[in-house]
Amino acid sequence: MGVYSSSFVINPQSSSAVSSYSHPSKANWITAHAIATELSIAEVERLWLRFQQLGCNQDGVLSPEVLNSPTLTSDVFVKNILKYFKTPDGRVTFETFLRGLKWSESQDVQVKARGIFQMLNNGNPIPKEMFGRILERVYPGTDKQKALRSRRIYVYVHLRAGQIEENDFVHTVLALPREPVLQILNFHILPEHMRENVHRNLPEFQVPHRGEFTPVYSPQQPEPRYQMLSEPMLHAIADKIHRRDWELLANKLGFLYADVDNYRQMYPDNTRQQVFQLLKDWKAREGPRARSDILEQALRDVGMTDVSLLLAP
């Protein structure tokens, strides 16, 4: 995860850090963090409560003393996670905490698997013995070989030079049954029912980001259950989900993983265009069946309720 932490660890001495112009004692503490991290007020408030429960001080910081307490160091995995949230002086700021959890929510399975590998042995190859101990922690009371067979952890018996490389680990995670992997790795700051209520009231979800879309009815006609899926609407959806695990939506819409790889090859380093082209191709393929209510339900089914509200009647 070390290679990713630079994207969310904020130096509190920076002039752009929220702590440089706000403080827990100020009325704008929550709002300032919501603006800086592009999270909703409800999400920031929920995580502020969690951060306080971890033991932050009056300045909204987890000090080195707290981070080195037995509560947070007894579990090696938790200790390694927090290590990547630390600033150079050994503290964890609330802003970094928010950005780190937002990163955890938005990344796809492959990136999350690489992040987990980074934390298991500081990014180094995992020796066979260490991987065995990890399995014993994950499956306590289960025979190791039985766990290997039942969980299809093939990489363990195909070790190179007695250790597991990062690509081996990632390929193994991607080869596991999709449903349980998603249940483990999917993370949402707010439960789905709370996200729906919060995002339904946000102005940004009232209209798409790129232009206007034309409804399929006139004011004189009865209002149907769905809207026309215009290109501006598809762009707006792509804007919202291209940094998230959009493979789930692709699969829900009937695309194969090979199809997703093709879009990545067509538009390397441009995930927004990858998602937009997928949605555009889905619309062309389905023709009159490519209705907004179908896409709305697909987004809900893969946990993207906030984005589905762009299509809500």
Side-chain angles (χ1 to χ4, degrees), residues 1-73 75 77-107 111-112 114-116 118-119 122-123 187-190 194-195 198-199 201-206 209 239-244 269 271-272 306-307:
M1 195 172 185
V3 295
Y4 304 111
S5 61
S6 59
S7 66
F8 55 77
V9 174
I10 302 298
N11 188 334
Q13 305 306 318
S14 167
S15 60
S16 62
V18 174
S19 58
S20 69
Y21 57 85
S22 187
H23 188 270
S25 62
K26 293 185 176 181
N28 72 340
W29 178 250
I30 298 297
T31 305
H33 279 90
I35 294 171
T37 61
E38 298 183 340
L39 291 170
S40 68
I41 295 292
E43 289 170 322
V44 176
E45 287 178 335
R46 184 180 178 86
L47 292 178
W48 175 234
L49 177 61
R50 297 288 183 265
F51 199 65
Q52 290 175 300
Q53 291 171 341
L54 287 174
C56 71
N57 60 24
Q58 61 184 7
D59 295 321
V61 170
L62 291 175
S63 66
E65 292 75 24
V66 171
L67 294 171
N68 291 325
S69 66
T71 304
L72 298 180
T73 57
D75 188 301
F77 195 65
V78 172
K79 181 180 178 181
N80 277 349
I81 292 175
L82 290 173
K83 177 175 65 177
Y84 292 110
F85 281 66
K86 291 181 181 179
T87 58
D89 61 1
R91 301 182 298 165
V92 174
T93 67
F94 182 48
E95 183 176 359
T96 292
F97 182 72
L98 291 177
R99 292 182 183 276
L101 292 184
K102 182 180 179 181
W103 181 93
S104 300
E105 182 179 52
S106 62
Q107 299 303 312
V111 173
K112 289 180 181 179
R114 292 191 183 280
I116 290 171
Q118 293 285 322
M119 290 186 290
N122 299 315
F187 165 76
H188 297 297
I189 294 172
L190 291 177
M194 292 181 66
R195 292 203 310 277
V198 168
H199 290 289
N201 295 318
L202 291 177
E204 64 181 294
F205 288 101
Q206 304 305 312
H209 281 200
D239 283 343
K240 291 290 183 185
I241 72 173
H242 74 97
R243 292 191 181 92
R244 296 162 73 169
D269 304 320
T271 54
R272 183 183 286 104
D306 53 334
V307 185

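All values reported here derive from a predicted model rather than from experimental measurement.
- Atoms CD and CH2, from E45 and W29 in turn, are 14.0 Å apart once rounded to the nearest 0.5 Å.
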side-chain contact (heavy atoms from CB on, under 4.5 Å) between C56 and V61, worked out: CA-CA 5 Å; C56 71; V61 170; 5.9 Å; no

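- If you check the side chains of E95 and T93, you find no donor sitting under 3.5 Å from an acceptor.
- In this structure the side chain of F94 never reaches within 4.5 angstrom of the side chain of V18, judged on heavy atoms.
- Residues I41 and A34 approach most closely at CD1-CB, 3.8 Å, considering heavy atoms.
- The environment of CD in E38 is sparse: at most 12 heavy-atom neighbours from other residues, nucleotides or ligands sit within 6.0 Å.
- For P24 against G60, the heavy-atom pair with the smallest separation is CG-N, 3.6 Å.
- Between K102 and E43 there is no salt bridge, since no side-chain N of the basic residue sits under 4.0 Å from a carboxylate O of the acidic one.
- Atom OG1 of residue T271 and atom CZ of residue R243 lie 7.0 Å apart, to the nearest 0.5 angstrom.
- D239 approaches H242 most closely through the heavy-atom pair O-CD2, 3.3 Å.
- The distance from the NZ atom of K79 to the CG atom of L82 is 10.5 Å, given to the nearest 0.5 Å.
- Of the charged side-chain nitrogens involved, none lies within less than 4.0 Å of a carboxylate oxygen, so that D59 and R91 do not count as a salt-bridged pair.
- Of the possible polar contacts, one joining the S20 side chain to the A17 backbone as a donor-acceptor pair under 3.5 Å is found.
- In terms of heavy-atom proximity, G90 sits nearest to P64 at O-CG, 3.6 Å.
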Candidate pair L101 and R50, rule side-chain contact (heavy atoms from CB on, under 4.5 Å), full reasoning: CA-CA 12 Å; L101 292 184; R50 297 288 183 265; over 6 Å; no

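- I10 contributes atom CD1, which lies 4.5 Å from atom CZ of R99 (distance to the nearest 0.5 angstrom).
- Note: F51 and F97 have tilted aromatic rings, judged against thresholds of 30 and 60 degrees for the angle between ring planes.
- Here the straight-line distance linking atom CG of D306 with atom CD1 of I241 works out to 10.0 Å at 0.5 Å rounding.
- The two atoms that bring Y21 and A36 nearest to each other are OH-CB, 4.4 Å, heavy atoms only.
- The side chain to side chain contact (heavy atoms under 4.5 Å, CB included) with L67 is formed by just one residue from the set V92, L54, T73; it is V92.
- In this structure, the separation between CD1 on I30 and CG on L39 is 11.0 Å, given to the nearest 0.5 Å.
- Remark: side-chain polar atoms of S69 are not paired, donor with acceptor, to backbone N or O of E65 under 3.5 angstrom.
- Around CD of Q58, the count of heavy atoms belonging to other residues, nucleotides or ligands within 6.0 Å does not exceed 12.
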